[in-house]
Amino acid sequence: MLKISNNVTLDENDVEFSAVRAQGSGGQKVNKTSVAMHLRFDIEASSLPEFYKERLLALKDKRITKEGVIVIKAQQHRSQEQNRDEALERLVELIKSVNVVEKKRVATKPTKGSQKRRLKSKKEHGEKKKLRGKVDTE
């Protein structure tokens, strides 16, 4: 069981792993061992509460397919176990991120004083630029 929050846990049977060969350079070992891990997590079929499912499906994340499956590839480490743990950590992070409710922004208006100061500085800047023009000698 993976702990998401105090009252939400994720069953590890909902997560599917497959070992694949890692990309990139690494010599002979990387060509013959399957160290990288693909994690697949079906959001709809999971044991998560509906609130989490809705939020996850609404996310615009490249790791979530159109079918609602989260695919995470971990290949940073040299052992399958470490890559498996890292993939699980990233999954938990993603699920936790949908639980954070952002504070609603309250629109404010600028004060009269700040408006006057802004217009005054604009006027001064315009005057300064006007003085840079050609000088009439007549």
Side-chain angles (χ1 to χ4, degrees):
M1 292 292 227
L2 296 170
K3 187 175 181 179
I4 305 298
S5 68
N6 290 338
N7 51 2
V8 178
T9 56
L10 179 67
D11 190 14
E12 283 197 41
N13 295 332
D14 293 344
V15 182
E16 180 185 315
F17 287 99
S18 58
V20 293
R21 290 191 177 155
Q23 294 176 322
S25 60
Q28 294 174 350
K29 182 169 172 42
V30 82
N31 297 330
K32 61 185 181 180
T33 58
S34 298
V35 178
M37 295 299 284
H38 263 174
L39 175 146
R40 293 179 62 81
F41 177 73
D42 190 357
I43 298 170
E44 286 294 330
S46 69
S47 61
L48 284 174
E50 284 301 314
F51 168 77
Y52 283 93
K53 289 180 183 181
E54 290 170 11
R55 286 274 183 99
L56 280 170
L57 290 171
L59 273 181
K60 300 277 189 248
D61 196 307
K62 65 182 179 186
R63 297 173 289 187
I64 302 174
T65 64
K66 291 177 188 170
E67 294 82 33
V69 177
I70 298 174
V71 178
I72 297 175
K73 183 175 183 183
Q75 62 179 7
Q76 190 170 3
H77 303 286
R78 290 180 136 201
S79 73
Q80 268 188 11
E81 292 78 28
Q82 285 179 314
N83 284 329
R84 183 180 184 280
D85 293 342
E86 184 187 345
L88 280 173
E89 275 180 37
R90 286 198 255 165
L91 175 66
V92 170
E93 253 179 54
L94 181 65
I95 295 172
K96 282 182 179 179
S97 72
V98 297
N99 195 21
V100 177
V101 180
E102 291 186 16
K103 203 166 141 183
K104 188 166 176 136
R105 184 186 176 278
V106 179
T108 58
K109 292 182 179 177
T111 62
K112 288 272 188 197
S114 68
Q115 285 178 341
K116 285 180 182 177
R117 286 190 298 274
R118 180 179 148 268
L119 292 175
K120 182 182 172 208
S121 73
K122 281 172 66 92
K123 191 75 89 179
E124 288 171 358
H125 192 67
E127 289 297 320
K128 186 192 319 179
K129 288 173 105 41
K130 198 183 284 182
L131 291 172
R132 293 181 189 160
K134 285 190 175 182
V135 179
D136 288 335
T137 55
E138 291 181 28

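Keep in mind that the numbers below use all heavy atoms, side chains included, and drop hydrogens, waters and symmetry copies. Keep in mind that what you see is a predicted model, and the values were worked out from it rather than measured.
- The two residues R90 and K73 come nearest to each other via the heavy atoms NH2-O, 3.0 Å.
- Taking 4.0 Å as the cut-off between side-chain N and carboxylate O, E124 and K128 do not count as a salt-bridged pair.
- Summarising the geometry, atom NZ belonging to K116 is positioned 10.0 Å from atom CG belonging to L119; distances are rounded to the nearest 0.5 Å.
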Task: Working for side-chain contact (heavy atoms from CB on, under 4.5 Å), residues K130 and E127 - done: CA-CA 5 Å; K130 198 183 284 182; E127 289 297 320; 3.9 Å; yes
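- Under a hydrophobic clustering in which Ile, Leu, Val, Met, Phe, Trp and Tyr are joined whenever their side-chain heavy atoms come within less than 4.5 Å, directly or via other members, L39 and V69 fall into different clusters.
- Separating the CD1 atom in I72 from the CD atom in E89 is a distance of 11.0 Å, to the nearest 0.5 Å.
- Using a 4.5 Å cut-off on side-chain heavy atoms (C-beta onward), L88 and R84 make contact.
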